[in-house]
Amino acid sequence: KSTSIIANRVSYLFDFRGPSMTIDTACSSSLVAAHLAIRALQSGECDLAVVGGANLILDPVMDNALRAGGMLSVSGDAKVFDLEADGYVRGEGVGVVILRRMADAIENGNLIHASVVSSAINQDGASNGLTAPNPKAQVEVMRSALHYGDIGPDEVLYVEAHGTGTPLGDPIEIGSINQVYGRDPQCPVGSVKSV
């Protein structure tokens, strides 16, 4: 069941020549792929990047492991940042974005839906458990993104949180967000998982 060839099959079909890889970093796979695509565009490795993410629940093994680990919601509802949060709900979906340097997109007359000002990634390192978030690492990566984008925390108008809907993860994440962005109501925090 190797997934390593998936991206290469797409590149083969469309005759793409730049970096082509499948990324698996669990919850952050699509964002890490976007980050690497941005870096490839910045370095000139490619002029256009196709970034896709997919999650299909085809095998019960992962569901069983997550349920046994107490990570999935017993109620079947994602209650992100709620006192009754009891885990997250897995979903299926596929999404693709096309990324270009802004100047190239304008020159080519591309329809521009959004621009990426900055991106940053890191690993939690040691914490109180393999799946437990590290608040210091979360603060560091958010501050890195602000630094790379040369923007201040007061310029951020919304934070889309990971929002695991767990009693462990949510308080750590909201605490880290508050440490970087403050508790200013001008910067709401949400998670699409709760919709």
Practice task
Apply the test side-chain contact (heavy atoms from CB on, under 4.5 Å) to residues D170 and I174: give CA-CA distance (whole Å), side-chain angles for both, the deciding distance (0.1 Å), then the verdict.
Solution key: CA-CA 6 Å; D170 283 0; I174 199 70; over 6 Å; no

Handout entry: Where A120 and A145 come nearest, the two heavy atoms and their spacing
Key = CB-N, 3.7 Å

Problem - Candidate pair L72 and R90, rule side-chain contact (heavy atoms from CB on, under 4.5 Å), full reasoning - result: CA-CA 8 Å; L72 293 184; R90 295 185 75 201; 3.7 Å; yes

Problem - Joint cluster assignment, V189 & V156, ILVMFWY side-chain distance < 4.5 Å - result: yes

Fill in the blank from the handout: Applying side-chain hydrogen bond (donor to acceptor under 3.5 Å, both in side chains) to E92 and not counting sequence neighbours gives none

Fill in the blank from the handout: Residues at least two apart in sequence or cross-chain that pass side chain to side chain contact (heavy atoms under 4.5 Å, CB included) with P171, listed by chain then number, are none

Practice task
Would you list the pairs meeting side-chain hydrogen bond (donor to acceptor under 3.5 Å, both in side chains) in which at least one residue belongs to residues 149-159, sequence neighbours left out?
Solution key: Y158-E160

Exercise for the section: Starting at CD1 of I98, measure out to CG of L111 and round the result to the nearest 0.5 Å. Expected result: 12.5 Å

Practice task
Is it possible for you to say whether F81 and V180 belong to one hydrophobic cluster, with membership spreading through side-chain heavy-atom contacts below 4.5 Å?
Solution key: yes

Handout entry: Hydrophobic cluster membership, I151 vs V159, 4.5 Å side-chain cutoff
Key = yes

Exercise for the section: State, yes or no, whether a side-chain contact exists between P133 and E173 at a heavy-atom distance under 4.5 Å. Expected result: no

Fill in the blank from the handout: The ring-ring contact (aromatic ring centres under 6.0 Å, His included) partners of F16 (sequence neighbours excluded) come to F14

Practice task
Could you list the residues that satisfy side chain to side chain contact (heavy atoms under 4.5 Å, CB included) with S20, not counting sequence neighbours?
Solution key: A7, N8, S11

Practice task
Evaluate side-chain contact (heavy atoms from CB on, under 4.5 Å) for Y88 paired with L66, printing each intermediate quantity in order.
Solution key: CA-CA 10 Å; Y88 68 95; L66 293 169; 3.3 Å; yes

Practice task
List in chain and number order the residues that pass side chain to side chain contact (heavy atoms under 4.5 Å, CB included) with L31, two or more places apart in sequence or in another chain; answer none if no residue qualifies.
Solution key: none

Problem - Under 3.5 Å donor-acceptor, D59 side chain and V61 backbone - result: yes

Fill in the blank from the handout: Here the gap from I23 atom CD1 to T3 atom OG1, rounded to the nearest 0.5 Å, amounts to 10.0 Å

Problem - A137 backbone acceptor or donor facing D124 side chain under 3.5 Å - result: no

Practice task
Evaluate the side-chain proximity of C187 to L157: yes if any heavy-atom separation is below 4.5 Å, no if none is.
Solution key: no

Problem - Hphob cluster co-occupancy, Y12 + I6, side-chain heavy atoms under 4.5 angstrom - result: no

Fill in the blank from the handout: Nearest heavy-atom approach of A54 to V94 is CB-CG2, 3.8 Å

Problem - Any residue meeting side-chain hydrogen bond (donor to acceptor under 3.5 Å, both in side chains) with S144, in chain and number order, not counting sequence neighbours - result: none

Problem - Close side-chain approach of S28 to I121, heavy-atom, < 4.5 Å - result: no

Practice task
Determine, using the 4.5 Å side-chain heavy-atom cutoff (strictly less than), whether M71 and L168 are members of one ILVMFWY cluster.
Solution key: no

Practice task
Rounded to the nearest 0.5 Å, what's the gap from SG on C27 to CG on N55? Could you check?
Solution key: 9.5 Å

Fill in the blank from the handout: Between A49 and A37 the two heavy atoms that sit nearest each other are CB-CB, 3.7 Å

Problem - Donor-acceptor pair, side chain of S127 and main chain of N134, under 3.5 angstrom - result: no

Exercise for the section: State, yes or no, whether a side-chain contact exists between R100 and D47 at a heavy-atom distance under 4.5 Å. Expected result: no

Exercise for the section: Return the minimal non-hydrogen interatomic distance between Q179 and V139, and the atom names on each side. Expected result: OE1-CG2, 3.7 Å

Problem - Connected-component partners of V116 among ILVMFWY, side-chain separation under 4.5 Å - result: I38, L41, V51, V97, L99

Practice task
Decide side-chain contact (heavy atoms from CB on, under 4.5 Å) for V50 and V96; before the verdict, give the C-alpha distance in whole Å, the side-chain angles of both, and the deciding distance to 0.1 Å.
Solution key: CA-CA 7 Å; V50 179; V96 176; 3.8 Å; yes

Practice task
For R39, check side chain to side chain contact (heavy atoms under 4.5 Å, CB included) against everything at least two apart and list the hits.
Solution key: H35, Q42, S119, Y148

Exercise for the section: State which residues pass side-chain hydrogen bond (donor to acceptor under 3.5 Å, both in side chains) with R143; sequence neighbours excluded, sorted by chain then number. Expected result: none

Practice task
May I ask you to check whether over 12 heavy atoms, not counting those of L56, lie within 6.0 Å of atom CG?
Solution key: yes

Completion exercise
CD (E140) and OG (S176) are apart, to the nearest 0.5 Å, by 10.0 Å

Handout entry: Distance-minimising heavy-atom pair for G163 and V80
Key = O-CG2, 3.3 Å

Exercise for the section: Give the minimum heavy-atom separation between G165 and A85, together with the two atoms involved. Expected result: O-CB, 3.2 Å

Fill in the blank from the handout: Taken to the nearest 0.5 Å, the spacing of M21 CE from I5 CD1 works out to 13.5 Å

Practice task
Applying side-chain hydrogen bond (donor to acceptor under 3.5 Å, both in side chains), name anything that partners R9, two or more places apart in sequence or on another chain.
Solution key: none

Practice task
Tell me who clusters with I112, hydrophobic residues only, linked when side chains sit under 4.5 Å apart either directly or through other members.
Solution key: M102, I106

